[in-house]
Amino acid sequence: MTDQLLETVLLPVAGPEDAEATCAAAVDRIAAAGGRVVAVHVVEKAGGAPDKVSVEQREEYAEEAFEVVERRCADAGVPVETRIAYGTDVAETIFEVADDVDATAIAFTPRGGSRWVRLLTGDVALSLATETDRPVVVLPDPGDEETDEGDA
């Protein structure tokens, strides 16, 4: 029987290391619930300004992340689909993919960085948690031993 919350989980992955952390936190839970994974990597477009890295390089980076997700899901027996999405707003693009695949939840591990860096650069995790119409599962990063204490 499938836990409806984890039936179709959208896993946004930014790169191979993020994919490892996200899969380490999520895949066993999804497997236990009998769910499936849709991994998405957003190629962020500059919105008219020149991109610093070519689209081809970003797509290759996405494929490296997907190799991690596919390996971890195969090891756990979880069906997986991968998608590359393109957009100027990462969170909005993730929401569009979630709608497209009818995701029952979006799950992620927040990436590192101090509160100040997140405040200055914008925070995709905050947007994911506050601007969506579907459940969001924020998972602990099992490899993250840093805390925000002392970031002031």
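Side chains are part of it too, since the values below use all heavy atoms of this structure and drop only hydrogens, waters and symmetry mates.
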**Item:** Where Ala65 and Pro16 come nearest, the two heavy atoms and their spacing
**Value:** CB-N, 3.8 Å
**Request:** Please answer whether the main-chain N or O of Arg36 pairs with a side-chain N or O of Thr8 as donor and acceptor at a distance below 3.5 Å.
**Result:** no
**Request:** Please name all residues satisfying side chain to side chain contact (heavy atoms under 4.5 Å, CB included) with Ala103, sequence neighbours left out, ordered by chain then number.
**Result:** Leu10, Ala98, Val101, Arg134
**Asked** Val13 versus Phe66: any side-chain heavy-atom pair under 4.5 Å?
**Response** yes
**Complete:** When Lys45, Arg58, Glu59, Glu44 are each screened for side chain to side chain donor-acceptor pair (under 3.5 Å) with Tyr86, the one that passes is Glu59
**Message:** Tell me the closest heavy-atom pair linking Ala14 and His41, and the distance in Å.
**Reply:** O-CE1, 3.0 Å
**Item:** CG on Asp102 to CD on Glu7, rounded to 0.5 Å
**Value:** 8.5 Å
**Closest contact, heavy atoms only, Ser127 versus Ala91** = CB-CB, 3.5 Å
**Fill in**
Thr93 and Gly87 have their tightest heavy-atom pair at OG1-CA, 3.4 Å
**Message:** Any heavy-atom pair between the side chains of Arg29 and Val9 that's under 4.5 Å?
**Reply:** no
**Item:** Any donor-acceptor pair under 3.5 Å from Thr82 side chain to Ala39 backbone
**Value:** no
**Val42 vs Pro12 side-chain heavy atoms within contact, under 4.5 Å** = no
**Prompt:** Would you call Glu70 and Val80 a side-chain contact if the rule is heavy atoms closer than 4.5 Å?
**Reply:** yes
**Fill in**
Contacts of Glu92 meeting side chain to side chain contact (heavy atoms under 4.5 Å, CB included) (sequence neighbours excluded), chain-then-number -> Asp89, Phe95, Glu96
**Prompt:** Which heavy atom of Gly35 sits nearest a heavy atom of Val78, and at what distance?
**Reply:** O-CG1, 3.7 Å
**Message:** For Thr22 versus Ala107, what's the shortest heavy-atom pair and its separation?
**Reply:** CG2-O, 4.4 Å
**Message:** As an exercise, state the distance from OG1 of Thr132 to CD1 of Ile106, rounded to the nearest 0.5 Å.
**Reply:** 4.0 Å
**Request:** For the pair Glu81 and Val38, evaluate side-chain contact (heavy atoms from CB on, under 4.5 Å) and give the outcome as yes or no after the intermediate values.
**Result:** CA-CA 5 Å; Glu81 173 186 338; Val38 179; 4.1 Å; yes
**Item:** Close side-chain approach of Thr109 to Leu139, heavy-atom, < 4.5 Å
**Value:** yes
**Prompt:** Any link between Val97 and Phe108 through a network of hydrophobic side chains (Ile, Leu, Val, Met, Phe, Trp, Tyr) touching at under 4.5 Å?
**Reply:** yes
**Message:** Does any part of the side chain of Tyr61, heavy atoms only, come nearer than 4.5 Å to the side chain of Val43, both counted from C-beta?
**Reply:** no
**Complete:** side chain to side chain contact (heavy atoms under 4.5 Å, CB included) filter on Cys23, not counting sequence neighbours, yields Val27, Val69, Arg72
**Prompt:** Atom CD1 in Ile30, atom CG in Leu5: separation rounded to 0.5 Å?
**Reply:** 9.5 Å
